[in-house]
Amino acid sequence: MNFSVVEKNIGYRFKDRRLLMRALTLASYDNKSCNETLEFFGDAIIEFIVSEKIFALDADEGELTERRKDVVSDAALTPISKRLKLDENLIKGEGDNRNKKAVPSVYEAIVAAIYLDGGMDAAKKFVLSTLDFSFKDKDENFKGGLQETLQKRGAALPEYSVRDIGTPQYPSFEAAVNVFGKTYKGWGENKQKAEQDAAAKALDALKKRR
């Protein structure tokens, strides 16, 4: 493997390339020196860095948790790993070709390796320059957008049904909206947020059908 190419892709040069090699190694190749513990450590480092970045946003704890989840989920990390070509440089056992979890996990392992090699400043620089913080605005009026879209298409205005699925300690609501014969469901800690979530899903589906 050409480690220089990997370092160029991620924008960081290792002092100890053994850390880089370990970050790229899956258990299917070497169970004793694989990246699983680095992945565990990297996940915590990423959560801290992202939490620090979004802490100043005008949002409550629940909203901040959702925003962080948008940034650090497997679905968010997978395209970043692929963009950095980390998936192409995995060191894995023969026949290990269906481990989808390995793609986002290698990003987490790389973050831990950079931290151990260069400290928090280096890890923070890498994370902030590679993660996608362009999550959609949670305050966007998806209900208004859905109504406007349906009006333009000559369809009936959307009607929402909401049911309480939570407890007094943990309030939660499920909303459903039917658009062109298909039902879209959303969830939230109050009725309004649940309806907004359902409308957002319906809008996304309508955009894909254009």
Side-chain angles (χ1 to χ4, degrees), residues 1-138 204 208:
M1 172 179 294
N2 191 334
F3 288 116
S4 295
V5 173
V6 179
E7 290 174 330
K8 182 178 180 181
N9 289 338
I10 66 176
Y12 179 81
R13 185 180 180 86
F14 279 85
K15 295 185 284 291
D16 183 357
R17 283 183 171 172
R18 290 174 298 178
L19 285 167
L20 175 58
M21 183 173 180
R22 182 180 166 196
L24 296 170
T25 301
L26 302 187
S28 60
Y29 181 84
D30 186 342
N31 190 48
K32 293 184 178 179
S33 299
C34 65
N35 66 4
E36 289 180 351
T37 53
L38 285 177
E39 171 199 338
F40 166 79
F41 191 23
D43 177 60
I45 296 169
I46 294 168
E47 285 214 353
F48 170 77
I49 294 171
V50 172
S51 298
E52 183 181 55
K53 178 174 176 60
I54 67 175
F55 175 73
L57 295 177
D58 184 17
D60 60 30
E61 180 186 358
E63 291 170 338
L64 288 175
T65 299
E66 287 302 311
R67 288 179 184 269
R68 183 176 63 194
K69 191 185 301 181
D70 287 344
V71 178
V72 305
S73 68
D74 283 356
L77 296 184
T78 294
I80 295 171
S81 278
K82 290 183 176 180
R83 189 180 75 237
L84 298 173
K85 298 183 178 180
L86 295 175
D87 59 318
E88 298 177 14
N89 290 283
L90 288 172
I91 303 170
K92 53 190 177 181
E94 205 171 316
D96 183 7
N97 298 315
R98 296 185 178 181
N99 187 355
K100 294 183 179 180
K101 173 64 178 172
V103 179
S105 295
V106 68
Y107 179 89
E108 296 169 338
I110 286 289
V111 170
I114 291 175
Y115 172 85
L116 292 171
D117 189 72
M120 179 57 84
D121 287 344
K124 187 179 294 187
K125 181 179 179 181
F126 173 73
V127 169
L128 296 179
S129 65
T130 55
L131 286 190
D132 181 9
F133 288 90
S134 61
F135 35 67
K136 61 188 178 183
D137 189 349
K138 299 296 183 182
D204 285 343
K208 292 175 182 178

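Heavy atoms only: backbone and side chains are in, while hydrogens, waters and symmetry mates are out. Residue numbers start at 1 and run along the sequence shown.
- Closest approach of A113 and A23 over heavy atoms only: CB-CB, 4.0 Å.
- The line from NZ of K15 to CG of L116 is 11.0 Å long, rounded to the nearest 0.5 Å.
- In plain terms, the two heavy atoms of A75 and P79 that are nearest each other are O-CD, 3.1 Å.
- Taken to the nearest 0.5 Å, the OG1 atom of T25 stands 11.5 Å off from the CG atom of N31.
- Residues satisfying the side-chain hydrogen bond (donor to acceptor under 3.5 Å, both in side chains) criterion with E7, sequence neighbours excluded, are R17.
- Smallest separation of non-hydrogen atoms from K92 and L26: CB-CD1, 3.7 Å.
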For I114 and F14: C-alpha separation, side-chain torsions, deciding distance, then whether side-chain contact (heavy atoms from CB on, under 4.5 Å) applies. CA-CA 7 Å; I114 291 175; F14 279 85; 3.8 Å; yes
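- In terms of heavy atoms, G93 sits closest to S28 at N-OG, 2.9 Å.
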Distance-only criterion, 3.5 Å: show the donor-acceptor pairs between side-chain atoms of residues 121-129 and protein atoms not counting sequence neighbours.
unit_1	atom_1	unit_2	atom_2	d
K124	NZ	E52	OE1	2.8
S129	OG	K125	O	2.8
S129	OG	F126	O	3.0

Might you work through the side chain to side chain donor-acceptor pair (under 3.5 Å) test for S33 and R18, ending with a clear yes or no? CA-CA 10 Å; S33 299; R18 290 174 298 178; over 6 Å; no
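- Although no hydrogens or angles enter the test, the distance criterion places a donor-acceptor pair under 3.5 Å between the side chain of R83 and the main chain of T130.
- Every residue two or more places apart in sequence or in another chain was checked for a side-chain hydrogen bond (donor to acceptor under 3.5 Å, both in side chains) with R13, and none qualifies.
- Within the model, atoms OH of Y107 and CD1 of I10 stand 10.0 Å from one another, a figure rounded to the nearest 0.5 Å.
- If you take CD1 on I91 and CG on N35, they are separated by 9.5 Å, rounding to the nearest 0.5 Å.
- Residues passing the side chain to side chain contact (heavy atoms under 4.5 Å, CB included) test with F40: none are found, sequence neighbours excluded.
- When atom types are taken as modelled, the side chain of S105 and the backbone of E39 share no donor-acceptor pair closer than 3.5 angstrom.
- Shown are L131, V106, V71; of these, the side chain to side chain contact (heavy atoms under 4.5 Å, CB included) with L77 is made only by L131.
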Derivation and outcome, side-chain contact (heavy atoms from CB on, under 4.5 Å), residues I49 and M120: CA-CA 9 Å; I49 294 171; M120 179 57 84; 4.1 Å; yes
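- F3 CZ to L24 CG: the interatomic distance, rounded to the nearest 0.5 Å, is 7.0 Å.
- Applying the side chain to side chain contact (heavy atoms under 4.5 Å, CB included) criterion to K85, with sequence neighbours excluded, gives N9, E88, N89.
- When all heavy atoms are compared, the tightest approach of S81 to P104 is OG-CA, 4.1 Å.
- Considering CZ of R68 and NZ of K53, their distance stands at 15.0 Å, rounded to 0.5 Å.
- Every residue two or more places apart in sequence or in another chain that forms a side chain to side chain contact (heavy atoms under 4.5 Å, CB included) with K32 is listed here: D30.
- Between L20 and I110 the shortest side-chain heavy-atom distance falls below 4.5 Å.
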